[in-house]
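Single-structure report; data block below.
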2 protein chains.
Amino acid sequence: MPDDELEPLPSLSVEDVRAAAARIDGRVHRTPVLRIEALDARAGVELWLKAENLQRIGAFKARGAMHAVGHLTRGERDRGIITFSSGNHAQAVALAARSYGCRATIVMPTDAPAIKVAGVSALGGEVIFAGTTSDERKAVALELAERTGGAVVQPFDHPHIVAGAGTATLELLDEVAVRTGGGTLDALLVPVGGGGLIAGACLAAAATGTKVYGAEPHGCDAMARSLEAGRRVAVPPGPTLADGLKPTMVGRLNFAIAQAHLAGSFRVSDEQLGPALVSLLVHGKVLVEPSGAAGLAVALAGLVPGQDQRQRSDQEPPRRIGVILSGGNVDPALVASLLTMHGGTA
Amino acid sequence: MPDDELEPLPSLSVEDVRAAAARIDGRVHRTPVLRIEALDARAGVELWLKAENLQRIGAFKARGAMHAVGHLTRGERDRGIITFSSGNHAQAVALAARSYGCRATIVMPTDAPAIKVAGVSALGGEVIFAGTTSDERKAVALELAERTGGAVVQPFDHPHIVAGAGTATLELLDEVAVRTGGGTLDALLVPVGGGGLIAGACLAAAATGTKVYGAEPHGCDAMARSLEAGRRVAVPPGPTLADGLKPTMVGRLNFAIAQAHLAGSFRVSDEQLGPALVSLLVHGKVLVEPSGAAGLAVALAGLVPGQDQRQRSDQEPPRRIGVILSGGNVDPALVASLLTMHGGTA
């Protein structure tokens with residue numbers, strides 16, 4: 001058990017998510033909620049898709065980073081912001097720093113794709129390269145913070161990140177209520193990497209009766225295994241198209257929230273992620289990264305209890321399942337190859 | 001001069017567009033307006049992108065068809081609706097018929113792509129195949145209407161179609177006003193095929209001072225040539241990626257409106273359309289068909305007067321250019337090939 005398991009955890013609620021929404025208002029997009037009939041027909045339910053792939057920097061990560069940086073004092077910001085990431089969080093912190101007019105240093109792996117490094121640089125972030133593992137990057141970031149007095153913005157296991165990420169679900173539930181005259185979602189599917197997005201979703205949905213489920217790749221199923229074990233389990237990530245869902249372990253705070261609220265976590269394969277991405281592109285005209293398609297892949301595979309139409313009476317209205325499309329940053333060559341493979345059967 | 005050139009044209013205004021908006025409310029999507037920083041940086045202006053590719057049936061055509069069918073009486077609808085189209089209008093009419101609970105017969109070319117025929121069938125439309133030219137299809141549709149008493153929904157040159165199409169621009173201008181505290185667009189770029197979309201845009205924008213420009217493929221530039229000639233000119237369509245912008249002649253009503261309001265019409269090449277489509281997909285995460293990328297291609301090529309930053313003082317705020325992304329229905333294999341060609345330099 002790591003030392004920090006003994007520290008008390010902060011208590012969070014939907015009020016923290018509402019406060020986050022107010023703080024980041026105008027600095028991030030209120031992303032659209034998509035309704036796509038061809039996908040509804042396949043899933044046998046109404047799918048309400050929250051398009052965080054259309055968020056600034058192309059992923060929900062902009063929300064948590066903007067919220068965390070918004071909580072810093074002017075003096076803290078002036079000393080510069082530091083983070084470590086191989087993915088969308090890197091660009092999110094660079095964006096948040098620019099939005100608040102301060103400097104950001106991002107520690108990235110030496111093998112980071114050129115396109116992600118360029119994305120951070122284009123937003124004015126300074127990149128330092130260190131090792132290839134998350135631990136190596138974190139050590140360099142903490143050392144830098146120690147030396148400069150700069151504030152470290154955690155990638156996923158922090159109350160500000162969780163509350164910020166939860167604003168996506170809050171907006172989705174608001175929009176469902178408006179568009180259905182006060183209705184809500186029966187279930188919500190959320191991709192799980194470090195667990196910040198789903199922890200925020202749990203908080204935002206707590207009072208609605210919506211069942212929240214995770215969506216994880218087979219072999220990177222740290223949340224499902226941790227829920228089964230009743231404690232956090234480390235899962236060395238196996239190969240998957242969903243490179244954003246590969247943390248070895250879900251966050252401690254995130255797991256505590258998930259354990260209290262989550263209805264379960266489903267596993268999907270590359271053979272489900274690829275076609276889900278392509279179906280969304282062909283029928284919905286929006287591009288997600290494979291990680292961002294995990295929730296949709298669950299819905300299209302019909303894994304959610306109650307999704308099977310044959311188990312419903314004719315009088316029962318179609319169920320409403322929400323899906324967070326978490327991001328859209330993906331190598332164009334991979335998209336071309338998936339379109340060639342699955343475009344004919346989408 | 002065709003016989004009908006002598007008939008008086010109906011007089012339309014923004015009030016007709018507002019009435020259309022009220023009539024189709026709830027039956028079509030209010031599509032999102034996208035702001036994509038990477039594309040702004042390239043265009044040197046603020047781009048406000050109206051995402052009609054996310055409209056029902058994947059194109060703005062849903063608006064005009066829904067409006068036209070909404071104007072029919074119950075008795076007219078009961079005799080069935082008839083149209084002729086090789087493209088998005090076919091699905092739009094099938095959707096509108098389903099929405100109003102009546103039958104639709106669509107006359108399509110014998111060489112129509114299977115995917116478009118399947119799209120009409122999936123919406124419950126009945127397909128009749130006739131010839132390969134627009135004139136052949138039209139003749140069969142009119143004969144059928146004569147025989148059955150069914151109402152023909154024109155593809156683009158009709159007041160109901162124009163007013164319905166104009167609602168996209170109305171929504172865009174509304175949203176710009178809300179998000180900028182009362183501001184408006186300096187210019188608006190609209191793809192031109194038969195001219196219904198741009199005629200509607202002219203009506204919707206008439207009171208705002210926004211300059212409306214067309215975007216057409218080289219070789220399919222019937223609007224540009226007609227404006228230059230001062231009368232409608234037939235242009236046998238040349239080869240282009242933008243298969244939705246190939247009518248031989250713009251509509252008579254549409255041209256009359258365009259002639260009164262339009263600031264001009266720009267020509268773009270396949271070498272501009274393909275990269276525009278790919279840049280939007282990579283940076284904006286949304287898919288347009290090549291026709292739907294025509295306005296964006298104009299903006300990325302820097303063709304709009306005043307777009308050149310070097311001609312602006314530092315004090316001048318960035319100009320706002322609206323772009324209608326008119327549709328997103330495109331062969332997945334073509335997208336894969338464009339991504340492979342242009343994905344590395346997007």
Side-chain angles (χ1 to χ4, degrees), chain A residues 26 28-38 41 49 51-59 62 91 95 98-99 114-115 118-119 122-123 179 277-289 292 325 327-346, chain B residues 26 28-38 41 49 51-59 62 91 95 98-99 114-115 118-119 122-123 179 277-289 292 325 327-346:
Chain A
V28 301
H29 292 325
R30 185 177 177 101
T31 53
V33 174
L34 309 177
R35 298 273 302 110
I36 300 160
E37 284 154 325
L49 308 170
E52 286 297 295
N53 53 331
L54 305 182
Q55 185 52 269
R56 293 183 77 181
I57 66 103
Q91 286 190 63
L95 173 75
R98 196 188 62 178
S99 177
I115 191 170
L123 289 161
R179 283 161 64 173
L277 183 161
V278 170
S279 292
L280 183 63
L281 188 53
V282 169
H283 297 290
K285 325 298 178 194
V286 296
L287 177 63
V288 288
E289 53 191 273
L325 306 173
N329 296 322
V330 48
D331 177 7
L334 174 60
V335 181
S337 132
L338 290 171
L339 275 171
T340 302
M341 242 187 301
H342 306 295
T345 55
Chain B
V28 301
H29 293 326
R30 186 178 174 99
T31 54
V33 175
L34 309 177
R35 298 275 300 110
I36 301 162
E37 284 155 324
L49 308 170
E52 285 296 295
N53 53 331
L54 306 183
Q55 184 52 268
R56 293 183 78 181
I57 67 101
Q91 287 190 61
L95 173 75
R98 197 187 62 178
S99 176
I115 190 170
L123 289 161
R179 283 160 66 171
L277 183 161
V278 170
S279 292
L280 183 63
L281 187 54
V282 170
H283 297 289
K285 324 298 179 196
V286 296
L287 178 63
V288 288
E289 52 192 276
L325 305 173
N329 296 323
V330 47
D331 177 7
L334 174 60
V335 181
S337 132
L338 291 171
L339 275 171
T340 302
M341 243 187 300
H342 306 297
T345 54

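To find a chain, count down the sequence lines: A is the first, B the second, and so on, and within it residues start at 1. Scope of the values below: all heavy atoms of this structure, side chains included, with no hydrogens, waters or symmetry mates. All figures in this text were calculated on a predicted structure; none of them were measured in a lab.
Contacts between residues 332-342 of chain A and chain B, defined by a heavy-atom separation under 4.5 Å, are made by A:Pro332, A:Val335, A:Ala336, A:Leu339, A:Thr340. Within residues 30-38 of chain B, the residues having any heavy atom closer than 4.5 Å to a heavy atom of chain A are B:Pro32, B:Leu34, B:Arg35, B:Glu37, listed by residue number.
Of all heavy-atom pairs spanning B:Lys285 and A:Asn53, the tightest one is CG-O, 3.2 Å.
Using a 4.5 Å cut-off between heavy atoms, B:Asp331 does not touch chain A at all. In this structure, chain A has no heavy atom under 4.5 Å from any part of B:His283.
Note on B:Val288, B:Leu281, B:Val282, B:Val330: by heavy-atom pairs under 4.5 Å with chain A, the leading option is B:Leu281. Contacts with chain A were tallied for B:Gly344, B:Gly328, B:Gly284, B:Gly119; B:Gly328 has the most, counting heavy-atom pairs under 4.5 Å.
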